[in-house]
Amino acid sequence: MISFNSSSAAPADCCIIGGGIIGLSIARRLAAQGLSIALFDKSSPGTEASHAAGGMLCPRLEFEKGSPLSEMGEISLQLYPDYARELEEETGLCVDLRLDGVITPLSREETPGSTSSEDAIPRLLEGDALRELEPGISPEITRALYYEDEGSIDNRALTAALAVACKNLGVRIYPDCEVLEILVQEEAARGVRTREGDFSSAIVINSAGAWAGKIAGEVEQVDINPVKGQMLMLDCNGFEEKLPRHTIYSHQTYLVPRRDGRVIVGATVEDKGFDKSVEPAAIEALHQKAAGIFPFLGDIQPRESWAGLRPMGKQDVPYIGALSPSGYYAAVGHYRNGILLAPLTQELMAREILGTTE
Ligand code: GLY
């Protein structure tokens with residue numbers, strides 16, 4: 001049995017913990033179906049992993065073919081055009097969805113396992129065909145694979161648009177409002193306890209990213225660990241001729257171009273707990289790797305560098321669904337692929353919560 005603190009707000013149908021892309025997407029989806037939503041973020045929405053990400057949408061490169069994650073990634077990728085278009089229509093904001101292909105350079109030793117036929121997936125690009133698509137690529141790279149329908153989205157623009165769409169739909173967003181505990185009464189979720197007071201709701205969704213396992217309460221716990229990724233941004237304005245035109249994915253280094261001339265370069269993968277420090281040596285190593293693929297990038301000083309925490313669960317596949325007690329749900333453990341899997345996650349959660357009454 002719990003005692004409620006003085007509640008600082010009207011009850012909601014649903015409390016969502018965490019305002020990253022997952023929490024915001026679910027909030028918007030459920031609010032569009034008429035649910036009243038209160039969303040809590042320990043800082044500002046969209047400032048953790050959703051801000052740190054590169055925004056790659058590359059299921060075939062990220063996942064083993066035929067695996068459950070690969071299937072989830074493919075489905076989510078197919079949902080992306082409508083998800084992005086509807087969001088842009090609702091908010092008037094551009095989210096820079098680019099599904100014009102991803103290129104993965106091959107070393108001389110690598111056997112392509114693909115052909116240059118027009119309908120091969122991926123297609124093998126050699127010599128002039130590669131240089132035609134990427135004039136700035138290193139002359140040392142003579143072959144690459146081309147995944148024509150994959151790409152990227154500007155994840156920062158996306159989370160900003162989602163926050164606007166949520167507000168337009170009446171979602172109450174509480175920044176700087178850490179959830180300390182999930183409240184349970186009579187074997188059902190009853191809301192959340194925050195530093196600002198208690199909020200009651202019959203549905204509570206945990207989408208708190210790397211912090212999802214840190215919330216107290218007599219609920220089924222989720223086991224999520226942070227995996228650090230350091231990244232940098234190069235402002236390539238003035239280099240339009242040489243700029244990567246596609247997302248480039250090469251042996252744990254990736255380059256993601258934005259419409260406005262920025263190029264995002266990622267990423268380290270480090271088990272360092274909640275440490276988000278940025279190390280010059282790691283940034284320099286990434287910068288050098290990027291310059292090995294597009295030599296002109298070596299002459300551009302990084303404009304920004306940062307570190308984010310990917311939320312890794314015990315299983316490869318994120319957990320999206322009900323937990324105990326009744327009324328408690330989680331959408332957690334998206335690890336490297338929260339941006340890619342957001343449209344599918346919101347649909348799975350909507351199906352779980354709204355059932356067939358939708
Ligand atoms: N999705 C790529 C990364 O986490 O670095």
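Whatever order the structure lists them in is the order used to number ligands and atoms, beginning at 1.
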A.B. asks: Would you call the rings of His246 and Tyr146 parallel, tilted or perpendicular, taking 30° and 60° as the class edges?
C.D. replies: perpendicular
A.B. asks: Report yes or no: is the cationic atom of Lys42 (NZ for Lys, CZ for Arg) closer than 6.0 Å to the six-membered ring centre of Tyr174, at no more than 45° off its axis?
C.D. replies: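 Lys42 over Tyr174 ring: no.
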A.B. asks: Closest non-hydrogen protein atom to atom 1 (N) of ligand 1, residue and atom name please, with distance?
C.D. replies: Arg336 O, 2.7 Å
A.B. asks: Starting from atom 2 (C) of ligand 1, what is the nearest protein heavy atom, named by residue and atom, and what distance separates them?
C.D. replies: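 Heavy-atom neighbour on the protein nearest atom 2 (C) of ligand 1: Tyr254 OH, 3.4 Å.
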A.B. asks: What atoms in ligand 1 come closer than 4.0 Å to a heavy atom of Ala267?
C.D. replies: 5 (O)
A.B. asks: Would you mind checking if Glu126 and Arg143 are paired as a salt bridge, meaning a charged N to carboxylate O distance below 4.0 Å?
C.D. replies: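 The answer is no: the pair does not qualify as a salt bridge.
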A.B. asks: Is Tyr335 in contact with ligand 1, taking contact as a heavy-atom separation below 4.0 Å?
C.D. replies: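 No heavy atom of Tyr335 comes that close to ligand 1.
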A.B. asks: When you check the gap from the basic side-chain N to the acidic O, do Asp82 and Arg85 get nearer than 4.0 Å?
C.D. replies: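 Salt bridge flag = yes for Arg85 with Asp82.
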A.B. asks: Is the shortest side-chain heavy-atom distance between Glu62 and Asn337 below 4.5 Å?
C.D. replies: yes
A.B. asks: Tell me which protein heavy atom sits closest to atom 4 (O) of ligand 1, plus the residue, atom name and distance to 0.1 Å.
C.D. replies: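 Result: Arg310 NE, 2.6 Å.
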A.B. asks: List every atom of ligand 1 that sits less than 4.0 Å from any heavy atom of Met56, numbering the atoms from 1 in the order shown and giving each element.
C.D. replies: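 That gives atoms 2 (C) of ligand 1.
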